[in-house]
Amino acid sequence: MELTSTQELILWLGTAGMAIGAVIIAAIGFSLPNNERHHVTASFFVCAIAACAYLAMATGTGVVEVAGQQIFYARYVDWVVTTPLLLLGLLTVGLAPLTGGGDAARARNGLIGWVLGADVLMIATGLIASLRGDNSDKWIWYAISCVFFLLVLWALFSPVKAHLDAASKPLFTKLLGILTVLWFIYPILWVLGTEGTGALSLTGEILVFAVIDVLAKVAFGIVLVTGVKSSHKATA
Ligand code: RET
């Protein structure tokens with residue numbers, strides 16, 4: 001399919017935003033001591049993967065026509081990998097370091113499995129919903145995706161909060177607040193966009209997704225790594 005020049009430009013700007021974000025996050029990472037750099041890895045790859053996804057879309061791949069609408073399935077390929085990495089970044093910052101293994105370690109790993117498992121299902125069922133075109137069962141898939149979204153949030157606000165490292169609680173709380181606000185925009189935008197009711201034009205949808213994608217990945221990643229950096233300084 002043919003993208004308009006405006007749509008193409010937005011996708012190129014998205015590519016640049018993600019690539020620049022990856023470089024900034026890596027640079028901040030290198031200014032951290034070796035034993036703190038593990039916090040940076042997930043945030044770096046989130047931006048690097050998204051840069052590739054945006055490049056794919058800008059060059060006209062990763063899009064399919066369903067019932068006369070252009071569906072960018074490349075977004076879901078991106079999200080199915082990057083949202084678990086974003087959550088892993090948040091969990092790596094928030095959860096207390098494991099010492100001694102045993103049942104505490106199993107409980108922690110179970111919790112991580114829960115958050116990531118529910119998140120992958122949220123994106124996978126959202127992809128199915130977006131490929132259902134005019135079929136009314138797309139709203140069933142949408143609702144299933146929302147249930148898994150709420151499960152992710154519930155896990156973060158309840159059992160994960162109960163296992164937090166005291167020192168990283170303020171950073172975790174800040175990141176969780178940013179994540180909650182930004183992530184809620186996605187299901188709303190989906191309903192307004194071409195996958196849902198089509199109230200918004202394809203160009204408008206591409207633009208709003210690009211802006212929240214950059215905020216949810218680059219801005220979130222920068223807050224995370226700079227937060228780790230300043231809390232390291234405070235304890236050093
Ligand atoms: C969909 C549609 C179906 C219902 C729900 C959705 C949620 C998507 C989310 C995506 C988050 C993406 C991020 C990308 C980073 O750049 C699949 C839109 C609940 C929460 C954070």
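Start at 1 and go down the list; that is how both ligands and their atoms are numbered.
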Review item, side-chain donor-acceptor pairs of residues 200-212, under 3.5 Å, at least two apart:
residue : atom : partner : partner atom : Å
Ser201  : OG   : Gly204  : N            : 3.0
Thr203  : OG1  : Gln7    : NE2          : 3.0
Glu205  : OE1  : Thr194  : N            : 2.7
Glu205  : OE1  : Thr194  : OG1          : 2.7

Next item on the list: Using only heavy-atom distances, determine whether the side chains of Tyr54 and Asp213 contain a donor-acceptor pair under 3.5 Å.
Entry: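 Yes, a side-chain donor-acceptor pair sits under 3.5 Å.
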Notebook entry, point to check: Does the ring centre of Trp183 sit less than 6.0 Å away from the ring centre of Tyr186?
Noted result: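 So the answer is no for these two rings.
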Next item on the list: Please check if the distance between the ring centroids of Trp190 and Trp139 is under 6.0 Å.
Entry: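 Trp190 vs Trp139: aromatic centres under 6.0 Å.
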For ligand 1, run through the N/O pairs with the protein that fall under 3.5 Å and put one pair on each line.
residue  : atom   : partner : partner atom : Å
ligand 1 : 16 (O) : Tyr186  : OH           : 3.4
ligand 1 : 16 (O) : Asp213  : OD1          : 3.0
ligand 1 : 16 (O) : Lys217  : NZ           : 2.4

Check: With side chains defined as the heavy atoms from C-beta onward, is the minimum distance between Phe148 and Val120 less than 4.5 Å?
Finding: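 No - every pair of side-chain heavy atoms lies 4.5 Å or more apart.
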Check: What are the two closest non-hydrogen atoms of Phe44 and Ala22, and how far apart are they?
Finding: CD1-O, 3.3 Å
